[in-house]
J.: 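Can you keep this structure in mind? I'll have questions shortly.
In what follows, every chain begins at residue 1, and chains take the letters A, B, ... in the order their sequences are listed. Just the heavy atoms: all of them, side chains too, but no hydrogens, waters or symmetry mates, feed the values below.
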2 protein chains.
Amino acid sequence: MERGIIGIVGGMGPEAGISLSGMIMRNTVAGCDQDHLPVALFSIPEIIPDRTAYITGEVTENPAGGILKVLSLMKQSGVTIAALACNSAHAPVIFDTVESGLKKMAPEIRLINMIDEVGRFISGHYPGVSRAGILGTTGTWKTRQYDRLQGLDLQTVYPCHEEQQSVHQAIYHPVYGIKSNSGNIPERAMEIITTTASSLRKAGAEILVIGCTEISLAVKEREYCGLPVADSSVILARALISAHSPEKLKPQQ
Amino acid sequence: MERGIIGIVGGMGPEAGISLSGMIMRNTVAGCDQDHLPVALFSIPEIIPDRTAYITGEVTENPAGGILKVLSLMKQSGVTIAALACNSAHAPVIFDTVESGLKKMAPEIRLINMIDEVGRFISGHYPGVSRAGILGTTGTWKTRQYDRLQGLDLQTVYPCHEEQQSVHQAIYHPVYGIKSNSGNIPERAMEIITTTASSLRKAGAEILVIGCTEISLAVKEREYCGLPVADSSVILARALISAHSPEKLKPQQ
């Protein structure tokens with residue numbers, strides 16, 4: 001454990017953190033159990049309010065507080081590299097608060113930013129692409145957090161207001177939403193995602209950023225609706241391996 | 001977090017711990033992220049030698065030492081209920097050492113024994129059953145750890161030596177073994193499992209205990225080869241929910 005432990009702040013939702021843990025495992029070169037990287041997944045959802053609900057003003061408590069509590073547990077456990085398994089938690093109003101709090105509390109922990117890694121992935125693998133379509137929660141949509149990609153000469157394309165409302169239902173609806181169906185993807189949610197991806201393409205998107213860990217559970221293809229896919233969860237998993245043990249990163253498939 | 005955190009000692013192998021985390025989630029009654037239980041999954045495989053290799057005498061270091069190191073990290077994180085996501089780690093030479101070490105180090109942590117829970121499950125749900133067929137690693141086979149079920153008037157039926165060697169390959173083989181295929185189940189491994197389950201039935205087994213977290217990834221049915229299935233991983237997941245928040249346990253499906 002000389003390089004420390006990779007810490008995943010999960011529980012946002014729980015499936016996303018578990019899924020990220022699996023992606024780290026599957027992207028690691030390993031011939032036996034012992035070759036796999038040290039990972040601690042903390043899923044303590046009850047202390048972290050819904051990120052989108054905070055961004056849209058429905059709740060007033062910043063989820064950053066709960067996330068920092070989880071990071072303080074990680075500090076005690078020997079975590080050296082951490083990430084948040086949630087796109088919406090990368091909204092500046094949340095992520096920046098976490099980042100500055102962590103600098104004071106545990107400057108030895110390196111916090112990886114998922115959106116920066118998505119930007120590096122696109123400019124590295126698709127250098128000709130200049131417009132990225134963003135599929136995510138309404139929190140992600142409202143805060144335009146992926147506009148951070150503009151620093152890498154990438155323009156962003158978002159769904160229209162109506163389509164975004166449908167996407168949000170595909171994630172959160174109590175019956176057909178992905179969060180309520182523990183791993184199974186309801187047909188109606190899938191239809192909404194497909195329709196919206198096609199619209200993004202028509203609106204000029206040249207790559208589809210899966211900017212929500214729930215949608216990542218639904219879209220597993222490398223190309224979708226005629227667009228190459230940049231799955232923020234897979235990109236984050238690979239970035240964590242690179243940051244911890246670059247020699248163990250599996251070649252991109 | 002007033003009831004503390006559920007701690008999973010993972011990494012034995014990593015897939016088993018991740019799978020157990022998912023089973024806890026899917027067996028919890030929850031309408032939103034915040035309803036899910038607090039879980040910390042520590043997967044630090046490099047400090048825990050292979051359990052079967054220790055049981056069979058190929059390595060001399062008892063994995064109990066590494067498991068206790070992980071439990072000491074959990075103690076600092078507020079874990080109150082813990083379990084080992086590995087059947088072979090329940091061999092008395094490993095589990096008893098962990099249990100006595102934990103009593104000294106962190107008596108406040110309740111360690112759930114997977115095999116005891118399997119026994120409770122069978123006697124509760126299948127009271128007429130008197131012979132349980134055990135499908136597991138050679139470590140599990142050699143130590144006859146499931147003979148602990150005899151305390152509940154359950155006889156155990158194991159594969160013959162040759163068949164057990166095949167089952168072991170289905171788990172560990174570098175090409176077609178489940179451990180080497182990160183979540184995908186190779187056809188050859190599946191064939192071995194089916195053949196062995198049929199043999200156990202012919203030898204008098206009335207229920208099939210899936211006593212290895214890797215085989216649990218392959219056999220998802222409630223009935224297999226004409227036998228009801230008692231999946232030790234699912235049983236453990238449900239026991240952990242019951243121990244932490246019984247009101248959140250989903251009805252058995």
J.: Please determine, by modelled atom types, if Q169(A) and R188(A) share a side-chain donor-acceptor pair under 3.5 angstrom.
T.: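 Absent: no donor and acceptor within the cut-off.
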J.: Contact part of M12(A) toward chain B, heavy-atom cut-off under 4.5 Å: side chain, backbone, both or neither?
T.: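 It is the backbone, since no side chain atom gets that close.
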J.: Tell me yes or no: between the side chains of T52(B) and T138(B), is some donor less than 3.5 Å from an acceptor?
T.: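 There is no such pair between these side chains.
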J.: Would you mind telling me which of S43(A), A30(A), G22(A) has the largest number of heavy-atom pairs within less than 4.5 Å of chain B?
T.: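 Maximum pair count with chain B is reached by S43(A).
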J.: Just by modelled atom types, is the M114(B) backbone N or O under 3.5 Å from a matching donor or acceptor in the H90(B) side chain?
T.: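 Checking the backbone N and O of M114(B) against the side chain of H90(B), a donor-acceptor pair under 3.5 Å is found.
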J.: Any chance you could lay out the side-chain contact (heavy atoms from CB on, under 4.5 Å) test for I192(A) and Y176(A), step after step, and finish with the verdict?
T.: CA-CA 11 Å; I192(A) 291 170; Y176(A) 65 82; 4.0 Å; yes
J.: If you compare all heavy atoms of H36(A) against all heavy atoms of P45(B), which two are closest, and at what distance to 0.1 Å?
T.: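 Closest pair (atom of H36(A), atom of P45(B), distance): O-CG, 3.4 Å.
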J.: Do NZ/NE/NH1/NH2 and the carboxylate oxygens of R51(A) and D33(B) come within less than 4.0 Å?
T.: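 Looking at R51(A) and D33(B), the cut-off is met.
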J.: Is it the backbone or the side chain of I18(A) that comes under 4.5 Å from a heavy atom of chain B, or both, or neither?
T.: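 For I18(A), backbone and side chain are both near chain B.
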J.: Counting only heavy atoms closer than 4.5 Å, note whether P14(A) contacts chain B via side chain, backbone, both or neither.
T.: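 For P14(A), heavy atoms of backbone and side chain both lie under 4.5 Å from chain B.
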J.: Check each atom of D50(B) against the heavy atoms of chain A and say whether the ones under 4.5 Å are side chain, backbone, both or neither.
T.: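 Both backbone and side chain of D50(B) come within 4.5 Å of chain A.
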J.: Could you check which of L41(A), I8(A), I44(A), I6(A) has the highest count of heavy-atom pairs closer than 4.5 Å to chain B?
T.: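 Option with the top pair count is L41(A).
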J.: Whether the side chain of T137(A) engages the backbone of T140(A) through a donor-acceptor N/O pair (distance < 3.5 Å, no angle test) should be reported.
T.: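 Looks like yes, one N/O pair under 3.5 Å.
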J.: At a heavy-atom separation under 4.5 Å, does I24(B) approach chain A through its side chain, its backbone, both, or neither?
T.: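 Looking at I24(B), nothing touches chain A.
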J.: So what's closer than 4.5 Å to chain B heavy atoms on L37(A): side chain, backbone, both or neither?
T.: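 Backbone only.
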J.: By a 4.5 Å heavy-atom criterion (distance strictly below it), what part of I48(A) contacts chain B: side chain, backbone, both, or neither?
T.: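 Just its backbone gets close to chain B.
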